[in-house]
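For reference, the structure is listed below as structure tokens.
Each chain gets a letter, A, B and so on, in the order the sequences are listed, and its residues count up from 1. Model, not experiment: these values are computed from the prediction.
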Number of protein chains: 2
Amino acid sequence: MPAIKSSRAEAVEAIMREFRNSGYDAASLARLSAATGLGKSSLYHYFPNGKEDMAKAAAARAVELVVEAVFEPLTGAGNLKARLQKTAAGLSKFYNGGKASCLVDLFTIGEAEAATPGLAKAMAEALLRAFAGAAEEAGHPKKQAKDIAERAVIEIEGALVLSRALRSTRPFQHMLARLPALLLTGA
Amino acid sequence: MPAIKSSRAEAVEAIMREFRNSGYDAASLARLSAATGLGKSSLYHYFPNGKEDMAKAAAARAVELVVEAVFEPLTGAGNLKARLQKTAAGLSKFYNGGKASCLVDLFTIGEAEAATPGLAKAMAEALLRAFAGAAEEAGHPKKQAKDIAERAVIEIEGALVLSRALRSTRPFQHMLARLPALLLTGA
DNA sequence: TCCACTGTACCGAACGATTGGTATATTGGA
DNA sequence: TCCAATATACCAATCGTTCGGTACAGTGGA
């Protein structure tokens, strides 16, 4: 399936990038138009409900990418440690080494929450579940596994914020390096 | 100085609240006007450069509050553990138990960064320094103290994001409970 | 083979509303 | 009488959205 032609999919990719760069409120239709190369009215062809539809499509695409980068490595074959390292690598790719923001963060700010109700919450919960599964597999009892998963998600989100503030990918990379150990040993 | 009357200070307080609730981009002048109870002309009387000045004033006020809630307990009298617990309590108050967002997060998104250049970075660095000092006092060597401080800031920012996404203050409270131990023992 | 018809993809121009911001009064207390 | 503070009215620019329309690739009946 070469999928030689899918203008819409390309648009979604560009829109997601723009939302992650600017946040929901600052990503104006003018910006989104420029980012996609499509006229404003063309955007309404693909996304009849406007900005709201674009946000939903971007979020859905982000979920796909997270599944690819996190869920699949995490639940795939091989020993746990190797899979966790693959997961860290996947996260690094998805977050562009720490330069890109997380939609869980951005979509809980300003008008975004009203436009995409419950979306960020669902994304966060999915991440928590995935990491809790890994922690359980590492031998931690259920309750403790949940705590570890929570810390993992917190560290990912927090490291992204700090990296953005300091304009350095170092905190994010540093965090990724200790992620496997956190889930394996709980430290 | 009783400062019985200071309309401007009250306005700054309300403005800061609004920025923390809505983010910089979604906090329109109409919203800020409603939040302060001041007409547009009054806002421009107090903040001649408009929204930018308001953002700077809000950030300056936030810094004051963080100094009060974090820096003073951290560098005050008493044994370290007690001071760290006071710091955690101060953080809980400043972040309204986890319901309020952090300006370090908000002010690195969208137009905010252009309006208040370097501000979020400076705030983050000040926090890092304060926590590193505490970790050193706890006996950790300089380099390790820096790592611990970074983790502390990451966990604070990350817990705020997660709490906002899940619409529950639990992750933030949970994180505050382990903050003193993190700085004391590095775990 | 022709051609009327349909659906998809896109665009420029404009919509009413709201944005951040300004100019000009008016008010009221010291 | 001053002058800080507030009100009223307005501005250009931009917001998200919609309209009317073109270009073109199929499709299906005659």
Side-chain angles (χ1 to χ4, degrees), chain A residues 2-59 106-107 109-117 119, chain B residues 1-19 21-59 106-107 109-117 119:
Chain A
I4 36 164
K5 168 87 187 301
S6 180
S7 181
R8 198 195 124 108
E10 286 165 28
V12 169
E13 213 75 25
I15 286 166
M16 185 187 65
R17 241 177 287 130
E18 186 58 31
F19 275 130
R20 293 177 83 187
N21 284 340
S22 305
Y24 182 81
D25 295 299
S28 67
L29 283 230
R31 267 194 223 250
L32 292 166
S33 171
T36 53
L38 264 51
K40 280 202 227 180
S41 40
S42 304
L43 286 175
Y44 274 82
H45 174 68
Y46 292 112
F47 311 97
N49 287 333
K51 200 176 177 181
E52 207 174 299
D53 273 8
M54 298 182 217
K56 283 173 183 162
L106 297 174
F107 275 29
I109 292 172
E111 306 297 302
E113 184 58 48
T116 62
L119 212 155
Chain B
M1 55 297 282
I4 37 162
K5 166 86 189 301
S6 180
S7 180
R8 197 195 125 108
E10 286 165 26
V12 169
E13 213 76 25
I15 286 166
M16 184 186 65
R17 241 177 286 130
E18 186 56 31
F19 275 129
N21 284 339
S22 305
Y24 182 81
D25 295 299
S28 65
L29 288 204
R31 265 196 225 250
L32 292 165
S33 172
T36 54
L38 262 47
K40 266 208 250 186
S41 49
S42 306
L43 285 177
Y44 273 83
H45 175 70
Y46 292 116
F47 310 98
N49 286 334
K51 199 176 176 180
E52 208 175 298
D53 271 9
M54 297 182 218
K56 282 174 183 161
L106 264 21
F107 275 31
I109 292 171
E111 307 297 303
E113 184 58 47
T116 60
L119 211 155

Starting at OH of B:Y44 and ending at P of C:dG21, how long is that distance when rounded to a whole Å? 3 Å
Quick one: list whatever passes salt bridge (charged side-chain N to carboxylate O under 4.0 Å, His left out) with A:E18, sequence neighbours left out. none
Set of residues satisfying side chain to side chain contact (heavy atoms under 4.5 Å, CB included) with respect to B:A59, sequence neighbours excluded: B:F107, B:L119
Expected output check: what is the dot-bracket annotation of DNA chain C, where ( ) and [ ] are pairs inside the strand (brackets for crossing ones), | is paired with another strand, and pairs are Watson-Crick or G-U under 3.5 Å? ||||||||||||||||||||||||||||||
Listing time: all N or O pairs from protein to nucleotides 5-7 of chain C that are below 3.5 Å?
none

Hey, what are the protein-to-nucleotides 20-27 of chain D N/O distances that come in under 3.5 Å?
none

Check side chain to side chain contact (heavy atoms under 4.5 Å, CB included) between A:D53 and all other residues, then give those that pass, not counting sequence neighbours. A:F47, A:P48, A:N49
With B:Y46 via side chain to side chain donor-acceptor pair (under 3.5 Å) - residues at least two apart: B:S7
For DNA chain C, which residues in residues 27-36 of chain B have a heavy atom at a distance below 4.0 Å? B:A27, B:S28, B:L29, B:A30
Holding to side chain to side chain contact (heavy atoms under 4.5 Å, CB included), I want the full list of residues that pass it with A:E113, two or more places apart in sequence or in another chain. A:T108, B:R167
Holding to salt bridge (charged side-chain N to carboxylate O under 4.0 Å, His left out), I want the full list of residues that pass it with B:K40, two or more places apart in sequence or in another chain. none
Could I get the full list of salt bridge (charged side-chain N to carboxylate O under 4.0 Å, His left out) partners for B:R31, not counting sequence neighbours? A:E111
